[in-house]
Amino acid sequence: MTAAPSPRCDRIAELTTDQLRARLPEALQVYVTAMGYPPSTAQQRAPMWSAHMLRAGWRCIGAFSEQDELIGIGYGYLGAPGQWWHEQVRRGLMTSEVAIGDWMDDYFELTELHVHPAAQGGGLGESILRRLLTGAPGSKVLLSTPEGPTRAWKLYRRVGFTDVLRNYRFTGDPRPFAVLGRPLPLEPR
Ligand SMILES: CC(C)(COP(=O)(O)OP(=O)(O)OC[C@H]1O[C@@H](n2cnc3c(N)ncnc32)[C@H](O)[C@@H]1OP(=O)(O)O)[C@@H](O)C(=O)NCCC(=O)NCCS
């Protein structure tokens with residue numbers, strides 16, 4: 001049995017593709033635990049996370065405990081036509097009042113942001129998010145998150161994200177999602 005990660009963050013650092021590959025099982029463990037998904041989801045997601053690392057503008061930030069355990073992870077890349085998420089959001093915008101050209105060009109897709117539950121509620125998610133977006137490519141950032149009053153929602157609103165699409169259904173997921181966005185760069189805290 002592995003010890004539960006310490007909630008105390010020792011350092012936040014940018015990860016290269018090689019560094020994330022080396023710690024991919026650990027990162028996916030943070031992801032499934034934070035999201036409350038079954039452990040088998042980690043294995044299913046590994047090929048997708050590996051493919052994302054090869055996309056233009058990919059950037060990843062990790063948070064580490066004093067014991068060098070990964071306790072938080074965030075990554076994203078430049079969105080582009082042909083990518084599944086891009087096409088899904090584009091489809092949603094076609095039936096909305098929002099102009100596709102306002103958002104779907106030159107944007108950084110914030111793909112994943114997760115903090116181990118033992119380390120949540122102390123500002124770590126915001127620190128990872130700010131570090132990830134500071135220096136991210138693109139003139140704006142877009143993300144999707146399940147609808148509902150969650151800590152993620154509070155965080156995104158606090159950092160200035162506004163509605164792009166609400167109650168949107170992605171193919172294959174019955175949950176309603178919001179797509180949120182904001183211009184880049186971020187204002188300093
Ligand atoms: C969303 C998520 C990444 C946010 O990370 P987090 O570290 O828990 O949250 P934040 O960085 O926003 O910190 C927020 C809390 O820390 C508190 N906080 C902020 N700075 C602090 C500091 N310096 N000292 C102590 N507490 C602090 C805030 O008051 C806030 O508390 P509250 O939410 O109880 O009101 C995390 O909760 C998570 O992984 N959730 C599950 C997965 C998920 O939903 N991911 C997003 C998918 S789109």
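Remember, it's 1-based here, ligands and their atoms both numbered in the order they're listed.
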> Write down the atom of R169, the atom of Q88, and the distance for their closest heavy-atom approach.
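R169 and Q88 have their closest heavy atoms at O-OE1, 4.5 Å.
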> Please enumerate all residues that pass ring pair (Phe, Tyr, Trp, His ring centres under 6.0 Å) together with H52, with sequence neighbours excluded.
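Once residues adjacent in sequence are excluded, the partners of H52 under the ring pair (Phe, Tyr, Trp, His ring centres under 6.0 Å) criterion are Y75, Y77.
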> Between the side chains of W85 and S144, is a donor N or O closer than 3.5 angstrom to an acceptor N or O?
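Yes, side-chain donor-acceptor contact under 3.5 Å.
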> Does anything in residues 117-155 form a ring pair (Phe, Tyr, Trp, His ring centres under 6.0 Å)? List the pairs, not counting sequence neighbours.
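Listed once each, the pairs would be none.
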> Quick check for students: name every N or O atom pair between ligand 1 and the protein closer than 3.5 Å, with distances.
unit_1, atom_1, unit_2, atom_2, d
ligand 1, 7 (O), L124, N, 3.4
ligand 1, 7 (O), G125, N, 2.8
ligand 1, 8 (O), G121, N, 3.0
ligand 1, 11 (O), G123, O, 3.4
ligand 1, 11 (O), G125, N, 3.0
ligand 1, 11 (O), E126, N, 2.7
ligand 1, 12 (O), R158, NH2, 2.8
ligand 1, 13 (O), G123, N, 3.2
ligand 1, 16 (O), G121, O, 2.9
ligand 1, 16 (O), G122, N, 3.3
ligand 1, 16 (O), G123, N, 3.1
ligand 1, 33 (O), R151, NE, 2.9
ligand 1, 33 (O), K154, NZ, 3.4
ligand 1, 34 (O), R151, NH2, 2.8
ligand 1, 35 (O), K154, NZ, 2.8
ligand 1, 39 (O), V115, N, 2.8
ligand 1, 39 (O), V115, O, 3.3
ligand 1, 39 (O), Q120, NE2, 3.4
ligand 1, 45 (N), L113, O, 2.9

> Answer whether the closest heavy-atom distance between the side chains of L133 and L184 falls below 4.5 Å.
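They are in contact (side-chain heavy atoms under 4.5 Å apart), so the answer is yes.
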> Quick one: list whatever passes side-chain contact (heavy atoms from CB on, under 4.5 Å) with R45, sequence neighbours left out.
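Testing R45 for side-chain contact (heavy atoms from CB on, under 4.5 Å), a comparison that skips the adjacent residues, returns L28, Y31, T41, M48, W49, E112.
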